[in-house]
Amino acid sequence: MLSEPNVQTALNGICPYFTMFPLDFPFGILKKQAKKGDHVLDPFCGRGTTNFAARLLGLSSLGVDSSPVAAAVTASKLVSTNVEEIMAEVRHILNARESCDVPSSEFWRLAYHHEVLDALCRLREAFLADCSTAARIALRGIILGALHGPKQKTFQSYFSNQCPRTYAPKPAYATRFWRKRGLMPEQVDVLAIIERRARRYFGTLPDADGTARLADSRKRESLLPTSSDERFDWVITSPPYYGMRTYIPDQWLRNWFLGGSDVVDYTIRNQIAHSNTGDFAADLRQVWRNAAAVSSGDAKLVVRFGGIADRQANPLDLLENSFANSGWRVFAIRDAGSAVEGKRQATTFLRSDTKPMAEYDFWALKDDGSRH
Ligand SMILES: C[S@@+](CC[C@H](N)C(=O)[O-])C[C@H]1O[C@@H](n2cnc3c(N)ncnc32)[C@H](O)[C@@H]1O
(Lines give C-alpha, C1' and ligand atoms only; values in the text may rest on other atoms or scores of the structure.)
Protein backbone atom coordinates (compact mmCIF):
# COMPACT_ATOMS: atom_id res chain seq x y z
CA MET A 1 0.00 0.00 0.00
CA LEU A 2 1.29 3.45 -0.90
CA SER A 3 1.39 5.97 1.91
CA GLU A 4 -0.99 8.90 1.79
CA PRO A 5 0.89 12.13 1.18
CA ASN A 6 0.11 15.08 3.35
CA VAL A 7 -0.70 17.43 0.51
CA GLN A 8 -3.50 19.59 -0.66
CA THR A 9 -5.90 18.30 -3.26
CA ALA A 10 -7.35 21.68 -4.27
CA LEU A 11 -5.64 21.57 -7.67
CA ASN A 12 -8.07 18.86 -8.73
CA GLY A 13 -10.80 21.54 -8.76
CA ILE A 14 -8.89 23.99 -10.99
CA CYS A 15 -11.54 23.81 -13.72
CA PRO A 16 -14.97 22.22 -13.72
CA TYR A 17 -15.59 19.48 -16.23
CA PHE A 18 -18.60 17.40 -17.18
CA THR A 19 -18.96 13.94 -15.80
CA MET A 20 -15.84 13.83 -13.72
CA PHE A 21 -15.50 11.02 -11.24
CA PRO A 22 -14.55 11.79 -7.61
CA LEU A 23 -10.84 11.90 -6.78
CA ASP A 24 -11.41 9.24 -4.10
CA PHE A 25 -12.22 6.67 -6.79
CA PRO A 26 -8.84 6.43 -8.57
CA PHE A 27 -6.95 7.56 -5.47
CA GLY A 28 -8.46 4.79 -3.29
CA ILE A 29 -7.64 2.08 -5.83
CA LEU A 30 -4.07 3.22 -6.42
CA LYS A 31 -3.33 3.87 -2.77
CA LYS A 32 -4.46 0.39 -1.77
CA GLN A 33 -3.21 -1.66 -4.67
CA ALA A 34 -0.52 0.11 -6.71
CA LYS A 35 3.17 -0.45 -6.11
CA LYS A 36 5.96 2.08 -6.15
CA GLY A 37 7.09 2.59 -9.74
CA ASP A 38 3.75 1.59 -11.33
CA HIS A 39 2.64 3.48 -14.46
CA VAL A 40 -0.95 4.64 -14.84
CA LEU A 41 -3.00 5.30 -17.97
CA ASP A 42 -6.36 7.00 -18.49
CA PRO A 43 -7.41 6.90 -22.18
CA PHE A 44 -10.49 9.14 -21.49
CA CYS A 45 -8.85 11.40 -18.95
CA GLY A 46 -11.36 14.29 -18.93
CA ARG A 47 -10.20 16.76 -16.30
CA GLY A 48 -7.36 14.41 -15.31
CA THR A 49 -8.70 12.98 -12.05
CA THR A 50 -6.85 9.67 -12.47
CA ASN A 51 -3.63 11.47 -13.41
CA PHE A 52 -3.88 13.78 -10.43
CA ALA A 53 -4.49 10.82 -8.10
CA ALA A 54 -1.39 9.13 -9.56
CA ARG A 55 0.66 12.29 -9.03
CA LEU A 56 -0.42 12.56 -5.39
CA LEU A 57 0.94 9.06 -4.87
CA GLY A 58 4.17 9.73 -6.76
CA LEU A 59 3.19 7.51 -9.72
CA SER A 60 3.85 8.41 -13.33
CA SER A 61 0.88 8.66 -15.63
CA LEU A 62 -0.40 9.36 -19.12
CA GLY A 63 -3.81 10.96 -19.71
CA VAL A 64 -5.31 11.03 -23.20
CA ASP A 65 -8.41 12.91 -24.32
CA SER A 66 -9.64 14.20 -27.66
CA SER A 67 -11.09 17.36 -26.12
CA PRO A 68 -8.59 20.24 -26.07
CA VAL A 69 -10.13 21.51 -22.82
CA ALA A 70 -9.65 18.13 -21.12
CA ALA A 71 -6.04 17.86 -22.26
CA ALA A 72 -5.20 21.42 -21.12
CA VAL A 73 -6.86 20.98 -17.71
CA THR A 74 -5.12 17.64 -17.15
CA ALA A 75 -1.76 19.17 -18.13
CA SER A 76 -2.22 21.90 -15.51
CA LYS A 77 -2.54 19.23 -12.80
CA LEU A 78 0.77 17.63 -13.67
CA VAL A 79 3.15 20.60 -13.61
CA SER A 80 5.33 21.82 -10.77
CA THR A 81 5.42 25.59 -10.40
CA ASN A 82 4.49 28.23 -7.84
CA VAL A 83 2.51 31.45 -7.39
CA GLU A 84 5.51 33.70 -8.04
CA GLU A 85 6.32 32.05 -11.38
CA ILE A 86 2.69 32.12 -12.46
CA MET A 87 2.25 35.81 -11.58
CA ALA A 88 5.55 36.76 -13.26
CA GLU A 89 4.35 35.01 -16.41
CA VAL A 90 0.93 36.68 -16.53
CA ARG A 91 2.47 40.12 -15.98
CA HIS A 92 5.07 39.44 -18.64
CA ILE A 93 2.41 38.43 -21.20
CA LEU A 94 0.07 41.31 -20.43
CA ASN A 95 2.88 43.88 -20.57
CA ALA A 96 4.44 42.53 -23.73
CA ARG A 97 1.56 41.64 -26.04
CA GLU A 98 -1.02 43.66 -27.92
CA SER A 99 -4.07 41.58 -28.77
CA CYS A 100 -5.06 41.61 -32.41
CA ASP A 101 -7.97 39.20 -32.66
CA VAL A 102 -10.79 40.31 -30.36
CA PRO A 103 -14.30 38.91 -31.02
CA SER A 104 -16.88 41.68 -31.21
CA SER A 105 -20.41 40.24 -31.57
CA GLU A 106 -23.13 41.19 -29.09
CA PHE A 107 -22.53 37.99 -27.14
CA TRP A 108 -18.89 38.91 -26.53
CA ARG A 109 -19.71 42.51 -25.63
CA LEU A 110 -22.16 41.30 -22.99
CA ALA A 111 -20.08 38.34 -21.82
CA TYR A 112 -16.91 40.27 -20.91
CA HIS A 113 -15.97 43.85 -20.08
CA HIS A 114 -13.92 45.08 -23.06
CA GLU A 115 -10.74 45.47 -21.00
CA VAL A 116 -11.10 41.99 -19.54
CA LEU A 117 -11.71 40.55 -23.01
CA ASP A 118 -8.65 42.37 -24.31
CA ALA A 119 -6.50 40.80 -21.56
CA LEU A 120 -7.98 37.35 -22.25
CA CYS A 121 -7.22 37.71 -25.96
CA ARG A 122 -3.62 38.70 -25.23
CA LEU A 123 -3.20 35.67 -22.99
CA ARG A 124 -4.91 33.44 -25.53
CA GLU A 125 -2.58 34.51 -28.30
CA ALA A 126 0.50 34.14 -26.11
CA PHE A 127 -0.48 30.56 -25.27
CA LEU A 128 -1.19 29.76 -28.90
CA ALA A 129 2.34 30.94 -29.72
CA ASP A 130 3.94 28.99 -26.86
CA CYS A 131 2.52 27.06 -23.93
CA SER A 132 5.42 24.81 -23.07
CA THR A 133 6.61 26.02 -19.66
CA ALA A 134 5.17 24.80 -16.36
CA ALA A 135 4.12 28.35 -15.41
CA ARG A 136 2.25 28.86 -18.68
CA ILE A 137 0.52 25.46 -18.49
CA ALA A 138 -0.58 26.25 -14.93
CA LEU A 139 -1.70 29.76 -15.87
CA ARG A 140 -3.71 28.46 -18.82
CA GLY A 141 -5.47 25.97 -16.50
CA ILE A 142 -6.28 28.75 -14.02
CA ILE A 143 -7.76 30.93 -16.76
CA LEU A 144 -9.85 28.06 -18.15
CA GLY A 145 -11.31 27.57 -14.68
CA ALA A 146 -12.06 31.30 -14.24
CA LEU A 147 -13.33 31.94 -17.77
CA HIS A 148 -17.03 31.80 -16.95
CA GLY A 149 -19.11 31.35 -13.84
CA PRO A 150 -21.55 33.05 -11.49
CA LYS A 151 -21.03 36.55 -10.14
CA GLN A 152 -20.02 36.42 -6.50
CA LYS A 153 -21.23 38.71 -3.73
CA THR A 154 -17.91 39.14 -1.92
CA PHE A 155 -15.06 39.10 -4.44
CA GLN A 156 -15.08 38.24 -8.12
CA SER A 157 -13.78 34.81 -8.99
CA TYR A 158 -14.72 34.64 -12.70
CA PHE A 159 -13.98 36.91 -15.65
CA SER A 160 -17.45 36.74 -17.23
CA ASN A 161 -20.89 38.21 -16.81
CA GLN A 162 -23.32 35.89 -14.96
CA CYS A 163 -22.81 32.40 -16.44
CA PRO A 164 -22.90 28.74 -15.50
CA ARG A 165 -19.45 27.46 -14.62
CA THR A 166 -19.66 23.84 -15.76
CA TYR A 167 -20.75 24.45 -19.34
CA ALA A 168 -20.69 27.50 -21.61
CA PRO A 169 -24.06 29.10 -22.38
CA LYS A 170 -25.25 29.26 -25.97
CA PRO A 171 -24.86 32.85 -27.29
CA ALA A 172 -28.50 33.58 -28.25
CA TYR A 173 -29.81 32.31 -24.92
CA ALA A 174 -27.15 34.10 -22.88
CA THR A 175 -27.64 37.39 -24.72
CA ARG A 176 -31.42 37.31 -24.05
CA PHE A 177 -30.78 36.35 -20.41
CA TRP A 178 -28.38 39.25 -19.77
CA ARG A 179 -30.51 41.81 -21.65
CA LYS A 180 -33.72 40.86 -19.87
CA ARG A 181 -32.08 41.28 -16.48
CA GLY A 182 -29.96 44.30 -17.38
CA LEU A 183 -26.80 42.35 -16.50
CA MET A 184 -23.65 44.08 -17.76
CA PRO A 185 -20.13 42.57 -17.51
CA GLU A 186 -17.97 44.05 -14.76
CA GLN A 187 -14.42 45.28 -15.12
CA VAL A 188 -13.05 42.58 -12.84
CA ASP A 189 -9.42 42.59 -11.72
CA VAL A 190 -7.84 39.90 -13.92
CA LEU A 191 -4.57 39.75 -11.98
CA ALA A 192 -6.32 39.51 -8.60
CA ILE A 193 -8.53 36.64 -9.81
CA ILE A 194 -5.51 34.78 -11.15
CA GLU A 195 -3.43 35.34 -8.05
CA ARG A 196 -6.16 34.16 -5.69
CA ARG A 197 -6.59 31.01 -7.74
CA ALA A 198 -2.84 30.41 -8.08
CA ARG A 199 -2.54 30.54 -4.29
CA ARG A 200 -5.40 28.08 -3.87
CA TYR A 201 -4.18 25.54 -6.41
CA PHE A 202 -0.41 25.70 -6.62
CA GLY A 203 0.85 24.87 -3.15
CA THR A 204 3.34 22.12 -2.40
CA LEU A 205 2.64 18.94 -4.32
CA PRO A 206 4.66 15.78 -4.93
CA ASP A 207 6.49 15.57 -8.23
CA ALA A 208 5.75 12.69 -10.56
CA ASP A 209 6.17 12.26 -14.28
CA GLY A 210 2.88 12.99 -15.96
CA THR A 211 1.83 13.64 -19.53
CA ALA A 212 -1.47 14.92 -20.90
CA ARG A 213 -1.97 14.14 -24.56
CA LEU A 214 -4.56 15.60 -26.93
CA ALA A 215 -5.39 12.58 -29.12
CA ASP A 216 -8.04 10.11 -30.19
CA SER A 217 -7.64 6.97 -28.09
CA ARG A 218 -9.12 4.80 -30.85
CA LYS A 219 -5.80 5.28 -32.65
CA ARG A 220 -3.15 2.91 -31.44
CA GLU A 221 -0.31 5.44 -31.36
CA SER A 222 -2.31 7.73 -29.06
CA LEU A 223 -1.70 5.46 -26.07
CA LEU A 224 2.00 4.82 -26.56
CA PRO A 225 3.97 5.46 -23.36
CA THR A 226 6.40 8.37 -23.37
CA SER A 227 9.32 5.99 -23.04
CA SER A 228 9.51 2.88 -25.22
CA ASP A 229 10.46 0.48 -22.38
CA GLU A 230 7.54 1.54 -20.21
CA ARG A 231 4.32 -0.52 -19.76
CA PHE A 232 1.19 0.56 -17.94
CA ASP A 233 0.27 -1.35 -14.77
CA TRP A 234 -3.04 0.41 -14.23
CA VAL A 235 -5.71 1.69 -16.57
CA ILE A 236 -8.36 3.61 -14.61
CA THR A 237 -10.91 5.40 -16.70
CA SER A 238 -14.45 6.36 -17.50
CA PRO A 239 -15.54 6.61 -21.12
CA PRO A 240 -18.38 8.89 -22.17
CA TYR A 241 -21.73 7.39 -21.23
CA TYR A 242 -23.73 6.34 -24.23
CA GLY A 243 -25.46 9.47 -25.55
CA MET A 244 -23.08 12.00 -23.94
CA ARG A 245 -21.46 13.46 -27.01
CA THR A 246 -21.53 17.21 -26.53
CA TYR A 247 -18.29 17.58 -24.58
CA ILE A 248 -16.82 20.02 -27.06
CA PRO A 249 -19.84 22.24 -28.00
CA ASP A 250 -20.79 22.47 -24.32
CA GLN A 251 -17.28 23.75 -23.58
CA TRP A 252 -17.14 26.08 -26.55
CA LEU A 253 -15.92 29.15 -24.61
CA ARG A 254 -13.01 27.27 -23.06
CA ASN A 255 -12.37 25.71 -26.43
CA TRP A 256 -12.24 29.20 -27.98
CA PHE A 257 -9.61 30.19 -25.41
CA LEU A 258 -7.51 27.25 -26.60
CA GLY A 259 -7.63 28.42 -30.22
CA GLY A 260 -11.12 27.28 -31.26
CA SER A 261 -13.81 29.28 -33.02
CA ASP A 262 -15.52 32.29 -31.41
CA VAL A 263 -18.92 30.86 -32.35
CA VAL A 264 -20.28 27.50 -31.17
CA ASP A 265 -18.87 24.70 -33.27
CA TYR A 266 -21.22 21.71 -33.29
CA THR A 267 -18.93 19.44 -35.28
CA ILE A 268 -18.11 16.39 -33.22
CA ARG A 269 -14.55 15.33 -33.94
CA ASN A 270 -12.54 12.47 -32.53
CA GLN A 271 -15.19 11.41 -30.06
CA ILE A 272 -16.46 7.87 -29.50
CA ALA A 273 -19.39 7.14 -31.87
CA HIS A 274 -22.86 7.46 -30.36
CA SER A 275 -24.79 6.58 -33.54
CA ASN A 276 -25.90 3.17 -32.22
CA THR A 277 -24.91 0.78 -29.45
CA GLY A 278 -22.93 -1.49 -31.82
CA ASP A 279 -20.71 1.33 -33.09
CA PHE A 280 -20.29 2.65 -29.57
CA ALA A 281 -19.16 -0.74 -28.21
CA ALA A 282 -16.85 -1.27 -31.20
CA ASP A 283 -15.14 2.09 -30.59
CA LEU A 284 -14.67 1.31 -26.92
CA ARG A 285 -13.30 -2.15 -27.79
CA GLN A 286 -10.68 -0.51 -29.98
CA VAL A 287 -9.57 1.66 -27.07
CA TRP A 288 -9.40 -1.35 -24.71
CA ARG A 289 -7.29 -3.19 -27.30
CA ASN A 290 -4.95 -0.24 -27.67
CA ALA A 291 -4.61 -0.06 -23.89
CA ALA A 292 -3.91 -3.82 -23.68
CA ALA A 293 -1.13 -3.44 -26.24
CA VAL A 294 0.76 -0.98 -24.01
CA SER A 295 0.06 -2.61 -20.63
CA SER A 296 2.13 -5.06 -18.60
CA GLY A 297 1.12 -8.75 -18.33
CA ASP A 298 -0.48 -8.32 -14.89
CA ALA A 299 -2.05 -4.93 -15.54
CA LYS A 300 -5.51 -4.12 -14.22
CA LEU A 301 -8.18 -2.09 -15.94
CA VAL A 302 -10.91 -0.39 -13.91
CA VAL A 303 -13.76 1.30 -15.76
CA ARG A 304 -16.55 3.33 -14.24
CA PHE A 305 -19.56 3.33 -16.49
CA GLY A 306 -23.22 4.22 -16.28
CA GLY A 307 -26.00 5.53 -18.41
CA ILE A 308 -28.30 8.43 -18.92
CA ALA A 309 -31.99 7.67 -18.93
CA ASP A 310 -32.85 9.36 -22.22
CA ARG A 311 -30.88 6.65 -24.03
CA GLN A 312 -32.60 3.30 -23.69
CA ALA A 313 -29.51 1.14 -23.55
CA ASN A 314 -28.41 -1.03 -20.66
CA PRO A 315 -24.94 0.18 -19.61
CA LEU A 316 -24.01 -3.29 -18.32
CA ASP A 317 -24.73 -4.94 -21.67
CA LEU A 318 -23.01 -2.16 -23.56
CA LEU A 319 -19.80 -2.36 -21.60
CA GLU A 320 -19.73 -6.15 -21.50
CA ASN A 321 -20.12 -6.18 -25.26
CA SER A 322 -17.19 -3.74 -25.60
CA PHE A 323 -14.92 -6.17 -23.68
CA ALA A 324 -15.46 -9.11 -26.05
CA ASN A 325 -12.11 -9.83 -27.78
CA SER A 326 -10.67 -6.69 -26.27
CA GLY A 327 -7.52 -8.16 -24.72
CA TRP A 328 -9.08 -7.86 -21.23
CA ARG A 329 -11.08 -10.32 -19.14
CA VAL A 330 -13.65 -8.86 -16.74
CA PHE A 331 -13.42 -10.49 -13.30
CA ALA A 332 -15.73 -8.27 -11.24
CA ILE A 333 -18.55 -5.83 -11.76
CA ARG A 334 -19.40 -3.68 -8.76
CA ASP A 335 -22.32 -1.39 -8.22
CA ALA A 336 -20.93 2.12 -7.78
CA GLY A 337 -24.29 3.54 -6.66
CA SER A 338 -26.65 5.77 -8.52
CA ALA A 339 -25.47 8.98 -10.12
CA VAL A 340 -27.52 11.03 -7.66
CA GLU A 341 -26.31 9.31 -4.51
CA GLY A 342 -23.50 11.50 -3.35
CA LYS A 343 -20.93 13.13 -5.57
CA ARG A 344 -21.09 10.85 -8.55
CA GLN A 345 -19.95 11.07 -12.08
CA ALA A 346 -23.16 12.09 -13.81
CA THR A 347 -24.30 14.60 -11.21
CA THR A 348 -22.65 17.60 -12.79
CA PHE A 349 -24.29 17.28 -16.16
CA LEU A 350 -27.79 16.37 -15.14
CA ARG A 351 -30.31 18.76 -16.56
CA SER A 352 -33.81 18.68 -15.06
CA ASP A 353 -35.12 16.32 -17.76
CA THR A 354 -32.26 13.82 -17.56
CA LYS A 355 -32.62 11.09 -14.96
CA PRO A 356 -29.49 9.29 -13.79
CA MET A 357 -29.02 5.55 -13.98
CA ALA A 358 -26.88 3.30 -11.84
CA GLU A 359 -23.11 3.34 -12.27
CA TYR A 360 -20.88 0.28 -12.26
CA ASP A 361 -17.19 -0.37 -11.83
CA PHE A 362 -15.81 -3.02 -14.15
CA TRP A 363 -12.56 -4.69 -13.12
CA ALA A 364 -10.56 -6.55 -15.75
CA LEU A 365 -7.21 -8.29 -16.10
CA LYS A 366 -5.05 -8.54 -19.18
CA ASP A 367 -6.33 -11.55 -21.12
CA ASP A 368 -3.38 -13.47 -22.46
CA GLY A 369 -5.63 -16.20 -23.89
CA SER A 370 -4.52 -18.81 -21.32
CA ARG A 371 -6.97 -18.09 -18.55
CA HIS A 372 -10.11 -19.60 -20.09
C1 LIG B 1 -16.67 10.61 -18.73
S2 LIG B 1 -15.47 11.73 -19.37
C3 LIG B 1 -14.05 11.37 -18.42
C4 LIG B 1 -14.07 12.07 -17.09
C5 LIG B 1 -12.87 11.79 -16.22
N6 LIG B 1 -12.97 10.50 -15.59
C7 LIG B 1 -12.76 12.88 -15.15
O8 LIG B 1 -12.75 12.56 -13.96
O9 LIG B 1 -12.70 14.04 -15.51
C10 LIG B 1 -15.12 11.01 -20.94
C11 LIG B 1 -14.08 11.73 -21.77
O12 LIG B 1 -13.83 10.94 -22.93
C13 LIG B 1 -13.38 11.84 -23.94
N14 LIG B 1 -13.43 11.15 -25.25
C15 LIG B 1 -14.50 10.80 -26.01
N16 LIG B 1 -14.11 10.16 -27.13
C17 LIG B 1 -12.75 10.09 -27.08
C18 LIG B 1 -11.75 9.53 -27.94
N19 LIG B 1 -12.09 8.93 -29.07
N20 LIG B 1 -10.45 9.63 -27.57
C21 LIG B 1 -10.10 10.24 -26.42
N22 LIG B 1 -11.00 10.80 -25.56
C23 LIG B 1 -12.31 10.72 -25.88
C24 LIG B 1 -14.33 13.02 -23.80
O25 LIG B 1 -13.77 14.18 -24.41
C26 LIG B 1 -14.45 13.12 -22.28
O27 LIG B 1 -13.53 14.04 -21.77
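Whatever order the structure lists ligands and atoms in, that order sets their numbers, starting from 1.
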**Request:** Determine, using the 4.5 Å side-chain heavy-atom cutoff (strictly less than), whether W252 and W178 are members of one ILVMFWY cluster.
**Result:**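 Yes, W252 and W178 fall within the same hydrophobic cluster.
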
What atoms in ligand 1 come closer than 4.0 Å to a heavy atom of [X]?
{"X": "D216", "result": "18 (C), 19 (N), 20 (N)"}
{"X": "R218", "result": "19 (N)"}
{"X": "A215", "result": "20 (N), 21 (C)"}
{"X": "P240", "result": "10 (C), 12 (O), 15 (C)"}
{"X": "T49", "result": "7 (C), 8 (O), 9 (O)"}
{"X": "P43", "result": "21 (C), 22 (N)"}
{"X": "S67", "result": "25 (O)"}

Is the ring centre of [X] less than 6.0 Å from the ring centre of [Y]?
{"X": "F159", "Y": "Y112", "value": "no"}
{"X": "Y242", "Y": "F280", "value": "yes"}
{"X": "W108", "Y": "W256", "value": "yes"}

**Asked** Side chain, backbone, both or neither: which part of S222 comes within less than 4.0 Å of ligand 1 when only heavy atoms are counted?
**Response**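 Near ligand 1, S222 shows nothing, with every heavy atom at 4.0 Å or more.
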
**Message:** Please classify the N270 to ligand 1 contact at 4.0 Å (heavy-atom distances, strictly less than): side chain, backbone, both or neither.
**Reply:**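 The answer is the backbone of N270.
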
**Request:** Return yes when atom CG of D209 has more than 12 non-hydrogen atoms of other residues, nucleotides or ligands closer than 6.0 Å, and no otherwise.
**Result:**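 Open.
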
**Prompt:** Among P16, P22, S238, which residue places a heavy atom closest to atom 10 (C) of ligand 1?
**Reply:**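 When every heavy atom of P16, P22, S238 is considered, S238 comes closest to atom 10 (C) of ligand 1.
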
**Item:** Nearest neighbour of atom 27 (O) of ligand 1 from the list F305, F21, Y17, on a heavy-atom basis
**Value:**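 It is Y17 that holds the nearest heavy atom.
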
**Prompt:** Any ion pair linking R124 and D262 (charged N to carboxylate O, less than 4.0 Å)?
**Reply:**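 Result for this pair is no, no salt bridge flagged.
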
**Item:** S66 versus D216, side-chain donor and acceptor atoms under 3.5 Å
**Value:**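 No.
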
